[in-house]
Each structure stands twice: as structure tokens, then as C-alpha cells.
Student: 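Below you'll find the structure I mean.
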Amino acid sequence: MATFAGEEGPRLLRFAFLLTGNNEDAQDLVQTVFWQLSRRGVSDLVDPAMYARRCLVNLNHSMGRRVAAHLRALSRHPVTDSAADHAPDVANRDAMKRALEVLPPRQRAAVVLRYYEDLSDEQMAEALSCAPGTVRSLLSRALPKLRRQLCLMDEPTEGATG
Amino acid sequence: MNAPDDQLERVLRRDLGALAEDAPRYDPEYRRPSRSRKLSAVAVGVAGLAVVAGGAVLLTDSGQESGGGASCPNMLIVKGTEYFPAGDLQRMPTSAGLVSSGSVPGGCDAGADAPHAVDVYAMSGMPPRQVVIAGDMVWVNQTFSDREMPLAVQRLREPVTCRLKGAKSVRGHILSANSATPPRFDGDFTAPYTMQLRSSDPTLTQGDKWRWVIVRVRGLDETAVPPRETRRGIFHEGADAEVVLRCEGNGFVVERVALASR
């Protein structure tokens, strides 16, 4: 279990961070998942890493609502001087963080699983404990919201005229 | 896939990856401060009585406030619609009638908890497609984000304010307690402290308006500290406490805590 945690911990923590939007809750989630896995064991699991993601997504659904206030507070923090040199990157990350906040937990998880973890519909369905059709539905509802939040409609696109 | 979708995908892949770089460094020794913090004083103060698992300190039956494994069940399905817990409620509404049956598809550790059926009730004044009550929890349709939570549900999460006329004795269950002073020996617990009391006492629930409420209470002096011989029962064995409360501003102050008579 310690080996598994050592190998998967960093990656799982980044995944948890994208789901929650803050460090403390991400670490809480990951530790709770490892604690649960240590109780049940991982030796019988075909894909322990995928199982861990599923546990994490499920846990986040119930914890997510209680961390919302903290997440909102974080999103209001100004850009620090030290980050000023990377202003465009910081602005992009900040915009992404705020955009993710408007999504319900399942839609947010679907977006992170697809565009960060690069999972297929079938893998996402396993992680989200639902059918592949539901995965597509979650994404199709999430993407228009993200597009609006990220103001992509306002960016010039190739071939645009007038 | 049209051009705007391609653009959105590129932005998502780029910025999610960049955002993930802001994640903290993985620390296998991390000990979960956030949710266990408020429980630690009691747990340490009554050392040997608490269950310590993986660094998380759990009190008995502390419901939504406990640290480690209390996050399940985490999904309710009613006729194909998914609902999620409404979060840390400070008051539980009485149900407005049986709506349907639903299923809880097991916990986070899906191998351990089998799916099971539950009765689903309406919440007064709310359409069941938005909010329902099942198993002493309020559930919200998964399409709601935290920002868009129905107002009636947001109100359930607001702190309960004190409206008592003078000192009143109420019965309840202590969910957590936190002393300002670190314990000096096993069982040590001193004022000032704060605690969370869950109560179905009509004095606090405004008759039958709420099924239960959770009130945040301050204990200011030693007369407000539970007698040592009762702390195990009150803090760790889920025994009911008899608590004398009064108002100070909008807040609750405890004058005395004792083990409730059976």
C-alpha cells in the first residue's frame, strides 16, 4: 500500500486539486482515499489507480459542498507580485479556476477526467460510476458553461470576419 | 467537432495542466488538519477514548462533522435522477410526505457497501425534482452547483441564532467540543471552550418546525465543563447530554452540562 501511495500520490493529489480548487481539501481527499484503501487492501483490484480515482470522485461529491466557501475566498485573492512576471499564465489559471467553480461536482469531475486525465468515455464511466452515455451528457452540459465563463466567444477565431 | 469546440478543448488541456501545477507537493506524512482540528482537543483531552485512524481523529457517531469515513453515502438516485448531500446543515427540516423510493449506490469504497433502497420524502415548499429528504439527510439535484443552491437549502446551512428567554434546559448530543487550552493530562478539559450540540428538543426546534438543529455553544467558565466522570459518555459514547443554555447576543452560552437521565 505504501508503494502504491508513493507512486500514485502526486498524480492523485493534482487530480484532487483540480476537483476541489484548494490545497488543504485536496490533501484531505487523497489521504482519506489512501486510508480507505489501506483498510480494504488493493491486492484484488485490477486497476487500483482507477479505483482510487473513483473513490476520490465519490468522496469529493459529499465533501465538495462544504469547501465551497473556502474555494470562493481563494478565488478572490489578488495576483501576487512574484507572479506578475507570469501574468498571462496566472490569469489563465485563475480564469480556469473560477470557471470550474460554476460546475456541479459531477460535471466538474467529468471535465477534469477528460481534459486533464485524458480518459475515454468508458474509463470515465467507471470513475464516475455511471454509463458512458451519462458521461457524454455531463460533458455536453459542462462545456457550454465553461465556454461562457472563459469568454471564448469573445476571442477572435481563425477565419472570422467583420 | 467544430472550431469553437477545438478551441475550448485546447484551452482546457492547457490551463487544467497549468492549474494542476499549483497543487501542493505530495506529502505521505500529511495529517489532515482541516476537519480533525476542531475535534482534537476533546480527543486528546480524553486520551485513550478516541479512535485514531490514519491520523484522523473520529468521535462516535458525529455525523456530518466527523473526519474520516463519514462521507458516505454520497449519492441518491431517484427515478434516474442523481442527488447529492446538501452539505453541513445546521437545521433539518421535517419532511412533507413520502415521494418515492430511491437507491443509495454504496459508499466510496464500493466493494464494502452494497446498494440499498431508501424512502424519499419531499421537503416542505420545495419541488422534489430539486430537493428531497432521505435517511436524515437533505439531498439536492446534482445539476445545482454550490453557487446556485436553492435559497431554502442555503438557509438550512446558516448558523442557528439564539432566541431563548432566560436559561433553558435542553437535551441533545454533543458532536464536537474544542477547548482553548491544550489538555494537561488524560481526561483534562477546561473552559473556555466551544462545542456543537445537536438537539431535537422542542425548545430549540421551534416546536416541530425542525427535526433537529445544530447549535454552536460557548462554555465560558468551569461551571460549564461537564463533570469528568461523564465526559466519556457524553463525548465518546453518544450519550445524551442535559445542557442549560442562555443567549448572549445571538449566540448560545452553556451554563451547565450533565449526562441526561435515561
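Residue numbering restarts at 1 for every chain, and letters A, B, ... go by the order of the sequence lines. The analysis underlying the following values was restricted to heavy atoms, covering all of them including side chains, and did not include hydrogens, waters or symmetry mates.
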Student: Does a side-chain heavy-atom distance below 4.5 Å link B:Q7 with A:L150?
Tutor: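 No, side chains not in contact.
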Student: So which part of B:R25 gets closer than 4.5 Å to some heavy atom of chain A, the side chain, the backbone, both or neither?
Tutor: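 Looking at B:R25, just its backbone touches chain A.
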Student: Do any of residues 6-17 of chain A come closer than 4.5 Å to chain B, heavy atom to heavy atom, and if so which ones, in number order?
Tutor: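 Hits under 4.5 Å: A:G9, A:P10, A:L13, A:R14, A:F17.
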Student: Given side chains that start at C-beta, do those of B:R13 and A:D118 come closer than 4.5 Å, heavy atoms only?
Tutor: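 SC-SC contact between B:R13 and A:D118 confirmed.
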Student: When rounded to the nearest 0.5 angstrom, what distance separates OG1 in B:T143 from CG in A:L138?
Tutor: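 It comes to 11.0 Å.
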Student: Please give me the minimum heavy-atom distance between A:P104 and B:Q142, naming the atom from each residue.
Tutor: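 Minimum heavy-atom contact is CB-O, 3.0 Å.
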Student: Please look at A:L100 and chain B and tell me whether the side chain, the backbone, both or neither of the residue comes under 4.5 angstrom of a heavy atom of that chain.
Tutor: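 Just the side chain, heavy atoms under 4.5 Å.
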Student: Shortest non-hydrogen contact from B:L8 to A:L143?
Tutor: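 The pair with the smallest heavy-atom distance is CD2-O, 3.6 Å.
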Student: Go through the structure and list residues passing side chain to side chain donor-acceptor pair (under 3.5 Å) with B:R129, not counting sequence neighbours.
Tutor: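 B:R129: no side chain to side chain donor-acceptor pair (under 3.5 Å) contacts found.
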Student: State the CG-CG distance between B:L16 and A:L146, to the nearest 0.5 angstrom.
Tutor: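 Separation between the atoms: 8.5 Å.
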Student: Please identify each residue that fulfils disulfide bond (SG atoms under 2.5 Å apart) with A:C130, with sequence neighbours left out.
Tutor: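 Expected list: none.
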Student: Is B:R216 atom CZ crowded by more than 12 heavy atoms from other residues, nucleotides or ligands, each under 6.0 Å away?
Tutor: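 Incorrect, the count does not exceed 12.
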Student: Using the side chain to side chain contact (heavy atoms under 4.5 Å, CB included) rule, take B:D22 and A:K97 through it: C-alpha gap first, then chi angles, then the decisive distance, then the call.
Tutor: CA-CA 11 Å; B:D22 287 347; A:K97 196 171 191 173; 5.9 Å; no
Student: B:V99: what forms a side chain to side chain contact (heavy atoms under 4.5 Å, CB included) with it, not counting sequence neighbours?
Tutor: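 Once residues adjacent in sequence are excluded, the partners of B:V99 under the side chain to side chain contact (heavy atoms under 4.5 Å, CB included) criterion are B:A122, B:P128.
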Student: Side chains of B:L12 and A:M96, heavy atoms from C-beta outward: is any pair under 4.5 Å?
Tutor: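 They are in contact (side-chain heavy atoms under 4.5 Å apart), so the answer is yes.
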Student: Below 4.5 Å from any heavy atom of chain B, which atoms of A:V111 appear? Answer side chain, backbone, both or neither.
Tutor: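 When you check distances to chain B, atoms from both the backbone and side chain of A:V111 fall under 4.5 Å.
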